[in-house]
Structure formats: C-alpha cells, structure tokens
Amino acid sequence: MSELSQDQIWMMRAIELAKLGQYSTKPNPNVGCVIVKDGQMVGEGFHPQAGQPHAEVFAMRQAGELARGATAYVTLEPCAHYGRTPPCAKGLVEAGVGRVIIACPDPNPLVAGKGVQILKDAGIAVVVGMCQQEAHQLNVGFLKAMATGQPYVRLKIASSLDGRTAMASGESKWITGSEARLDVQHWRAISGAVITGIETVLADDCQLNVRQLKNLDSLEHVVQPKRVILDRQGRLALNAKILSKPDSVMVMGPFRQELADLGIVQLQIQPLSILLQTLSQQYQIYDVLVEAGATLSTAFLQENLVDELISYVAPTFLGRSARAMLNADFDRMAEQLRFKLIDVTQMGDDVRLRLIPSQETL
C-alpha cells in the first residue's frame, strides 16, 4: 500500500469529522471540513444537524484570520445557494483561503459545480476527487437521490445457516445474537425510513425504531427514521406499539379516518418504485432500510430496487418447516439473483455479509 500524501491525510481527518453527524444530519448530508496552514490544523468542524451551520462555517470560525491563504479540505462540494444557511463557497472566498480540496462533487441541482465555480472565479485553486470513494460512502443516499430522484435502499435479512428466518409459527426471537442486533440499530439510525409489511407488524408488534447505538450514550440528537408500513388491506391495529409515536409513522394503504385522526401520514397504494420516489422527492428520505418478511423482501429484490443487501447469518439450523428468507420461484439458473460481496464481518457468533447486486450475466 502506497504511503498517504499530506492532502489525503487531512481529507481522511475531514471524513472522520463528517461521520460525527451520521445520526443527526438527516435529511442533510454528512460533511466535514479541516483548514490547514503551514502544515498545521487551524480549524475543523462538521455539520451537526439540519438548520445549524455547515462544516465549513465551524472550521472557519475556529481558524479566524489564520484561514487566509490556508488550504480547506471539504468532504462535499461547498454549497452555492442560500437555504437555512448562507452559501459556504462564498464564505470560503471571504475567509481568503488559498486552496480548496474537495472529495465529492455535489449532484444537487442547487450546487452541481456552482460551488467549485464560485471558488475558481475568486482565483482559488480547487482540486476535486481527493478520497472520493471514501467520502462517497458518507452520503450514498443523498448523492443517489440528488442524481436520480430515488433513495438508496438497503435490505436487511437475518437468517439461519439453512436460510430460514422464523419458525413455522412465526416465532423469530432471536435467531442472531446481541452484537448483530445492535448493529441493525446503526443501519436504522442512518436511514430516513424503515419500510416493513403489515405481516411483520402483526406477527412481532415491532417498533423498528432506534433504541441503542454503539459508543453513543444518549439518543437525544438522533433523528429517528420514519416507519413506513405497507398495509394494502387496512389491517393495522390502532393499539400497535409502532403507533406509540404516530408522527413518525407513514402507512401505504386505503385511507382510514382513524389514522388521520392520529396525525399519521397516509400514502396511496402505489408500486414500490413509485413509493420510493415519493419518499425521496416529497419527504426528503434518501436512505431506506427494508426490514420485512419474505414476500416484501422478495418483491424489492425481483424489482431490482435493492442497492445493498445486509445479511446476518447465525450458526444454527431451523429445519425445513421453518420460514424461508425469500419466496421467489425460479425454474432456471439464468433467473438467479447474483450479488457481489463487499464486506464480511464477524459479530459475536454471527456473520454479517454486505453485498451489492452483481452486474455479471451468466
């Protein structure tokens, strides 16, 4: 492995800073910034939550006059528009920085090269693409949604070695151990919404919220995901635990006045691809986690709507009468859904596989 350059080292520091906002910035992206002068860090910051100053502002405040002639390392192209905060690109110009290193361009139409242009027009040297792959992982949902209008979809499945997710009776607690279950909380916490089916809610009376996070004592600043329930026949009971916080629940199904009285957002029945587009474009939900039974999970896979499969495998056999993780019917090898393994991690006695759809054809 080649030795990292000084620019790469400082950008990796900015990426680590950006991660500090991963649970709290939704729907805004995670951004970190480091300002360096004469080889010394003079200012750094990250974006903590929507409505608060951006990473560059915190870094510039810390740097003060030392920002003049310095190099700024930013994980995402500085914004060029007035939103709840003024444009950061102009702030960097006014601070007098001499050079700006950017990891990821921002496909948001309000930015999309305009931030870079503001800097260049002011005579500032700009480099784009430093540690881009690592920085892209910070905001896969935001970047995909800005570019395509669709959110990034993760499908989570926990199964036995023989590919089963529950006993025939529906009993499923617990297949995996505590470490794997805690890891699931992370994926929920970085998601704008968790999608499930009514069968899962009826069987488990689940809440699908974030209750605990590793290395985080308080959940005070965590933006809880919306829970989106697909209930085409209107079977959701009003005393379901998931409705204890109705303002964070959305239901796709026939209109029910009793749900409206609780303040629950109701979505008309629509194809899954349109539902995802609705969540992204109307509700600024850019990362979706699907936690559902075999039927809904299979539908997302067969409609090619899954960007990443997170599969927890427990070292146990549940037997042939237990429920299968998926219920697709394939007759030919050519119909199989293939994946590419991008990460494998042991969690206690369980194994977590992260996979993305394979582009290979047989």
Side-chain angles (χ1 to χ4, degrees), residues 16 19 22-23 134 137-138 140 152-191 193-197 199-219 222 224-225 227 241-242 287-298 300-301 306-328 336-358:
E16 288 306 308
K19 289 178 183 176
Q22 64 181 333
Y23 301 134
E134 294 88 344
Q137 291 304 308
L138 294 167
V140 287
Y152 188 87
V153 178
R154 297 177 179 91
L155 170 62
K156 167 251 164 181
I157 297 177
S159 69
S160 61
L161 284 171
D162 50 347
R164 307 289 167 167
T165 59
M167 304 311 293
S169 64
E171 180 189 356
S172 61
K173 294 181 179 179
W174 296 102
I175 296 173
T176 53
S178 58
E179 285 189 42
R181 297 201 301 275
L182 181 59
D183 190 61
V184 173
Q185 299 281 307
H186 162 77
W187 301 110
R188 286 182 189 170
I190 65 170
S191 300
V194 176
I195 295 181
T196 194
E199 296 292 349
T200 298
V201 176
L202 293 176
D204 299 340
D205 199 15
C206 49
Q207 297 188 67
L208 300 177
N209 58 348
V210 181
R211 295 185 292 277
Q212 182 184 2
L213 288 167
K214 197 173 183 180
N215 302 323
L216 202 63
D217 295 331
S218 170
L219 300 183
V222 174
Q224 289 282 349
R227 280 77 55 76
K241 286 180 183 175
I242 204 167
D287 289 86
V288 168
L289 180 66
V290 179
E291 290 193 63
T295 300
L296 187 55
S297 297
T298 300
F300 270 94
L301 284 169
V306 175
D307 294 294
E308 183 177 334
L309 175 61
I310 302 173
S311 176
Y312 299 90
V313 182
T316 184
F317 286 98
L318 296 185
R320 66 179 182 179
S321 65
R323 297 183 181 183
M325 61 193 291
L326 299 169
N327 59 14
Q336 66 181 282
L337 300 176
R338 293 191 68 86
F339 291 84
K340 179 181 178 182
L341 183 65
I342 58 172
D343 177 70
V344 56
T345 303
Q346 184 172 346
M347 298 192 156
D349 290 331
D350 306 314
V351 173
R352 183 193 70 191
L353 307 173
R354 291 178 58 203
L355 310 108
I356 57 174
S358 174

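Put simply, CG on Leu296 and CG on Leu301 are 10.0 Å apart, with the number rounded to the nearest 0.5 Å. Atom-to-atom distance recorded for Met347:CE and Arg352:CZ is 4.0 Å, nearest 0.5 angstrom. To the nearest 0.5 Å, atoms CG (Asp287) and CD1 (Ile190) are separated by 6.0 Å. Distance check: Thr176 OG1 to Arg181 CZ gives 5.5 Å after rounding to the nearest 0.5 Å. With rounding to the nearest 0.5 angstrom, the CD1 atom of Ile356 is 11.5 Å from the CG atom of Asp343. Separation of atoms CG (Leu337) and OG1 (Thr298) is listed at 9.0 Å; rounding is to 0.5 Å.
Residues Ile195 and Phe300 are in side-chain contact: their nearest non-hydrogen atoms beyond the backbone lie under 4.5 Å apart. The side-chain heavy atoms of Gln212 and Leu182, taken from C-beta on, include a pair separated by under 4.5 Å. The shortest distance between side-chain heavy atoms of Val344 and Val351 falls below 4.5 Å. Annotation: side chain of Val290 is in contact with side chain of Val153 (closest heavy-atom distance under 4.5 Å). A 4.5 Å side-chain heavy-atom check between Gln207 and Arg227 finds at least one atom pair inside the cut-off.
Shown here for Asn327 and Ala294, the closest heavy-atom pair between the two residues is OD1-O, 3.7 Å. When all heavy atoms are compared, the tightest approach of Pro225 to Ser191 is CB-O, 3.3 Å. Pairing each heavy atom of Ile157 with each of Leu309, the nearest pair is CD1-CD1, 4.1 Å. In plain terms, the two heavy atoms of Arg188 and Glu291 that are nearest each other are NE-OE2, 2.7 Å. Taking both residues in full, the closest heavy atoms of Ile175 and Ala158 are given as CD1-O, 4.1 Å, listed atom of the first, atom of the second, then distance.
Glu134 meets the side chain to side chain donor-acceptor pair (under 3.5 Å) test with no other residue; sequence neighbours excluded. Legend: residues meeting salt bridge (Lys or Arg N to Asp or Glu O under 4.0 Å) with Lys241, ordered by chain and number and at least two apart, are absent. Glu308 pairs by the salt bridge (Lys or Arg N to Asp or Glu O under 4.0 Å) definition with Arg154, Arg354, not counting sequence neighbours. When the ring pair (Phe, Tyr, Trp, His ring centres under 6.0 Å) test is applied to Tyr23, the partners found at least two apart in sequence or on another chain are His186. With sequence neighbours excluded, no residue satisfies salt bridge (Lys or Arg N to Asp or Glu O under 4.0 Å) with Asp162. With sequence neighbours left out, Ser297 forms a side chain to side chain contact (heavy atoms under 4.5 Å, CB included) with Leu155, Ala292, Leu326. By the salt bridge (Lys or Arg N to Asp or Glu O under 4.0 Å) test, Asp350 is found to be paired with no residue, residues two or more places apart in sequence or in another chain being considered. By the side chain to side chain donor-acceptor pair (under 3.5 Å) test, Ser159 is found to be paired with no residue, residues two or more places apart in sequence or in another chain being considered. By the side chain to side chain contact (heavy atoms under 4.5 Å, CB included) test, Lys19 is found to be paired with Ile15, Glu16, Leu138, residues two or more places apart in sequence or in another chain being considered. Applying the side chain to side chain donor-acceptor pair (under 3.5 Å) rule to Asp349 yields no partners; only residues at least two apart in sequence or on another chain are considered.
Checked by atom type and distance alone, the side chain of Glu199 never pairs as donor or acceptor with a backbone atom of Val201 at under 3.5 Å.
Applying the salt bridge (Lys or Arg N to Asp or Glu O under 4.0 Å) test to residues at least two apart or on different chains, none of the pairs has a partner in residues 206-218.
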Under 3.5 Å, which donor-acceptor pairs link side chains of residues 311-319 to any protein atom two or more places apart or in another chain?
unit_1	atom_1	unit_2	atom_2	d
Tyr312	OH	Asp183	OD2	2.6
Tyr312	OH	Trp187	NE1	3.3

Item to complete: Start with the C-alpha gap between Leu208 and Thr200, add the side-chain angles, then the distance that decides, and say whether side-chain contact (heavy atoms from CB on, under 4.5 Å) holds.
Response: CA-CA 10 Å; Leu208 300 177; Thr200 298; 5.5 Å; no

